[in-house]
Amino acid sequence: MKKKFLFSFLATGMLLSATAQTVKPAIPQDPEMESKIETLLAKMSLEDKIGQMTQLTIDVVGKGANVFHTIIPFEFDEAILDTVMHKYKVGSILNVPGATPQTPQEWTDIITCLQKEAIAENGIPVVYGVDQMHGTTYTVGGTLFPQSINLGAAFNRELSYESGRISAYETKAGNIPWTFAPVVDLGRDPRWPRQWETFGEDVYLVTELGREMVKGFQGSDGKSIGRDYVAACMKHYMGYGVPFSGKDRTPSYISEQDMREKHFQPFVEAIRNGALSVMANSGMNNGMPFHANYEYLTKWLKEELNWDGLIVTDWADINNLAFRDKIAANKKEAIKLAINAGIDMSMDPYSWDFCVLLKELVEEGEVSMERIDDATRRVLRMKFRLGLFERPY
């Protein structure tokens, strides 16, 4: 027993030392691609850059009684599409129209239209994202797989890899290049209503299966994502699966040691194996909302791991800093806190207020152009790695 404890203690120390120092880049950079990013960035206006940091749901640009009642079959509202793509230059769209799965051809038609509008505006394609969580759930005819808790019960790396690979292939068949998966939260409270999204409670199990699913989604080369693959998005960074009340999106009380040794490790492994994006935890820990936590978003994730990927919010979570958590006086201050903490893309998702308010913050000196440029680079970098500039549709 003493030997086992000593090994565990030493292993923990190695994990801590490995993540507490500067390491080689998580994803090797392509100098030619970085040069293209800098050339493009130099030509972009402030509005162009903020647009790249904005993500809206597809229902905003669809016809219907309102954004909650979209007409199916889906049709674009041309006036709103013009506003979103040409006035606010929005760089990302997500979700499925009217909660209704689309055929590969319908997805292709939707995304082709969006890409043509975006490219006509500033030459920069949009990046479209969906929650293909346990198979190709939002594509008609797609393959469904067991939920992650069942994959975890199989203790089988190959099954996790194959579910990611097949889901990527079928997702890309509709021209969708980004999936908000896998979930690598540690499911440690049986009251939590999203246990089925996790691989389980064990750090090693979640780390191993999460890594394999990322490799299945993205292929083996993080520098570029092949035409049959998609970008993965690790979520929910981090400690999301142990809310103190047991209810979803509620506070947690996790020590820094426990966070570092356990909840951080699946993200470390996924990032070192090329994961291009991360979605932040909707809640707060020890009184600090994750969407405003500079220590976790910038220091741990970006600086310590030398990671050049993208951090996206979860659904409308910047708003929560003001209206739920009460650490910001209003939405504008909430945006300031989140962007300065390290958030790169705001999933608002029903409003383009983010574009207006962030521009004001930059002009007032509350958010630096350096931070805007860093976030924009990360968005552009993912789009280049996905090959969207060469193959937007």
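Source: prediction; values computed, not measured. We're numbering straight along the sequence, starting at 1.
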task = Using the test salt bridge (Lys or Arg N to Asp or Glu O under 4.0 Å), find all partners of E208 that sit at least two apart in sequence or belong to another chain.
result =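 With neighbours one apart ignored, the set is R157, R211.
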Would you mind writing out the side-chain donor-acceptor pairs for residues 159-166 within the sub-3.5 Å range, not counting sequence neighbours?
from	atom 1	to	atom 2	distance (Å)
S160	OG	L209	O	2.8
E162	OE1	R165	NE	3.3
E162	OE1	R165	NH2	2.8
E162	OE2	R165	NE	3.0
S163	OG	L159	O	3.3
S163	OG	S160	O	2.9

task = Provide the full list of ring-ring contact (aromatic ring centres under 6.0 Å, His included) pairs with a residue in residues 30-71, sequence neighbours left out, each pair given once.
result =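 Checked against ring-ring contact (aromatic ring centres under 6.0 Å, His included) - neighbours excluded - the pairs reaching residues 30-71 are F68-Y350.
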In residues 386-393, what donor-acceptor pairs under 3.5 Å come from side-chain atoms, sequence neighbours left out?
none

query = Short question: side chain of Q265, backbone of R260 - any donor-acceptor pair under 3.5 Å?
reply =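 Answer holds: yes.
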ask   = Does a sphere of radius 6.0 Å around NZ in K63 hold more than 12 heavy atoms from other residues, nucleotides or ligands, not counting ones at 6.0 Å or beyond?
value =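 Check fails, neighbour count at 12 or below.
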inquiry  = A quick test of your reading: do over 12 heavy atoms of other residues, nucleotides or ligands sit less than 6.0 Å from CD of Q29?
reply    =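 For Q29, atom CD is crowded (more than 12 foreign heavy atoms under 6.0 Å).
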ask   = With sequence neighbours left out, what residues match Y88 under ring pair (Phe, Tyr, Trp, His ring centres under 6.0 Å)?
value =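 Residues passing ring pair (Phe, Tyr, Trp, His ring centres under 6.0 Å) with Y88: W352.
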key: Residues that F354 engages under ring pair (Phe, Tyr, Trp, His ring centres under 6.0 Å), provided they are two or more places apart   =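 Listed in chain order: nothing, the list is empty.
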request  = Quick one: sort the F74 and F76 rings into parallel, tilted or perpendicular, breaks at 30° and 60°.
outcome  =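 Rings of F74 and F76: perpendicular, as their planes differ by over 60°.
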task = State, without any angle test, whether E170 and T143 hold a side-chain donor-acceptor pair at a distance under 3.5 Å.
result =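 A donor-acceptor contact under 3.5 Å links the two side chains.
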Distance, nearest 0.5 Å, that separates CZ of F384 from CD of E32 =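 Taking CZ in F384 and CD in E32, the distance rounds to 10.0 Å.
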